[in-house]
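Please read the structure below before turning to the comments.
Sequence lines set the chain letters: A, B, ... in the order given, protein chains first and strands last, and positions in each chain run from 1.
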Amino acid sequence: MTPGTAAAPFRGVIERAKLIQYAQALHLHNPIHRDRSAAVAAGFRDVVAPPGFVISNTLQPKALKLSTFGIDERRALAGEMRFEHLGVICAGDELHGQSTLLDVVEKQGRRRMTAFVIETTFDNQLSDRVLVFRETALQAED
Amino acid sequence: MPTAAEYLSPSVTRLDIAATCVATDDPAPVHLDERFAVEEAGYPSVLAPGTMLLGWAGEYLEQLAGGPVGVRSWTVRFTSPVWPGDRVRLATKSVKMPDNSGGQGGIFEIVATTDAGVVVGEIHAELAVTPDGGGSATPEAPG
């Protein structure tokens, strides 16, 4: 797969119920992640997505993303993830995203691996870029 | 709310793992199907999805930065699985305040370990903090 290849754009709404489910499952402490009133009182539009909630698989199927870049999901491992937060994401935000393959690197360690570096950008309904998410997917080759 | 010196997750339960998978639309059987995890994937049990560590790390970074607006960028490296029964402790190992930051940025090196002392993640974060360690971020105006 050639670096620069882009997956199909995707879009979706960040659902308040999902954020609340997530905050409850992780027993998060800050009420802005599960209580709309608390979030609004703190100056936000709605329940706030915790940093780390929105990743490339949040609004697009992981299998579709991986297959677009020729990655075998059965042999894929999550490597490093990087978040660049450019704006706060709240419940009700409609995000537009697109994943692009930035680099493919062969690695020889204990196992022969191929590292796929993928960047996914997220813009909100105001056309503001709110998140740049970069991940390394590792594929075992032997 | 806990102090920002460190962050301690609750003990991971299979129910919380399943609830996280539901919230994040993650159907991977290594998190949800004990038989698959043990017999087919070769793990000792189901394992927690990485999204759990991401969420705890995200809240810890918010505490350090004084809110979500102060969390600028961070990189996480997963180094070992988190299992049911584990508690994850996030602690800051070092902070660098660049001389030219004007009190607006700090570089934090954070490690995540289990009660058993296993390092499960390493985090490098740039946060908007003041030199005295306080968060400088304020919420953005509603859009």
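With rounding to the nearest 0.5 Å, the separation of CG in B:Leu53 from CE in A:Met81 is 9.5 Å. Here the OG1 atom belonging to B:Thr24 is positioned 7.0 Å from the CD1 atom belonging to A:Ile55, to the nearest 0.5 angstrom. Atom NE2 of residue A:His29 and atom OH of residue B:Tyr60 lie 12.5 Å apart, to the nearest 0.5 angstrom. Atom OG1 in B:Thr51 sits 9.0 Å away from atom CZ in A:Phe53 (nearest 0.5 Å).
With a 4.5 angstrom heavy-atom cutoff, B:Thr20 touches chain A via backbone and side-chain atoms both. Of the two parts of B:Val12, neither the backbone nor the side chain holds a non-hydrogen atom closer than 4.5 Å to a non-hydrogen atom of chain A. For A:Ile32, the part sitting under 4.5 Å from any heavy atom of chain B is the side chain, from C-beta outward, and nothing else.
Cluster annotation: B:Met52 and B:Val111 are assigned to distinct hydrophobic clusters (Ile/Leu/Val/Met/Phe/Trp/Tyr, side-chain heavy-atom contacts under 4.5 Å, transitive). Under the 4.5 Å side-chain contact rule for hydrophobic residues, A:Phe69 and A:Leu138 do not share a cluster. In the hydrophobic cluster analysis, where Ile, Leu, Val, Met, Phe, Trp and Tyr join through side-chain heavy atoms closer than 4.5 angstrom, B:Met97 is grouped together with B:Leu61. No chain of hydrophobic side-chain contacts below 4.5 Å, direct or via other Ile, Leu, Val, Met, Phe, Trp or Tyr residues, connects A:Ile20 to A:Leu95. Under the 4.5 Å side-chain heavy-atom criterion for Ile, Leu, Val, Met, Phe, Trp and Tyr, A:Val54 and A:Phe133 are members of the same hydrophobic cluster.
In A:Lys62, the NZ atom is not crowded: 12 or fewer heavy atoms of neighbouring residues, nucleotides or ligands sit closer than 6.0 Å. More than 12 heavy atoms of other residues, nucleotides or ligands lie within 6.0 Å of CZ in B:Phe78, so this atom counts as buried by the packing criterion.
Between the B:Glu59 side chain and the A:Asn30 main chain, a donor and an acceptor come within less than 3.5 Å of each other. A:Glu80 places no side-chain N or O within 3.5 Å of a backbone atom of B:Thr75 that could act as its donor or acceptor partner.
Taking every heavy atom of both residues into account, B:Gly55 and A:Leu28 meet most closely at O-CD2, 3.9 Å. Heavy atoms only, all atoms of each residue included: B:Glu62 and A:Pro51 are closest at OE2-CD, 3.0 Å. Shown here for B:Asp16 and A:His27, the closest heavy-atom pair between the two residues is OD2-NE2, 2.9 Å.
Ring geometry for A:Phe83 versus B:Trp74: interplanar angle under 30°, hence parallel rather than tilted (30 to 60°).
Comparing A:Gln125, A:Glu15, A:Glu84 by how many heavy-atom pairs each has under 4.5 Å with chain B, the most go to A:Glu84.
Here A:Lys18 pairs with B:Asp25 in a salt bridge; the nearest charged N to carboxylate O distance falls below 4.0 Å.
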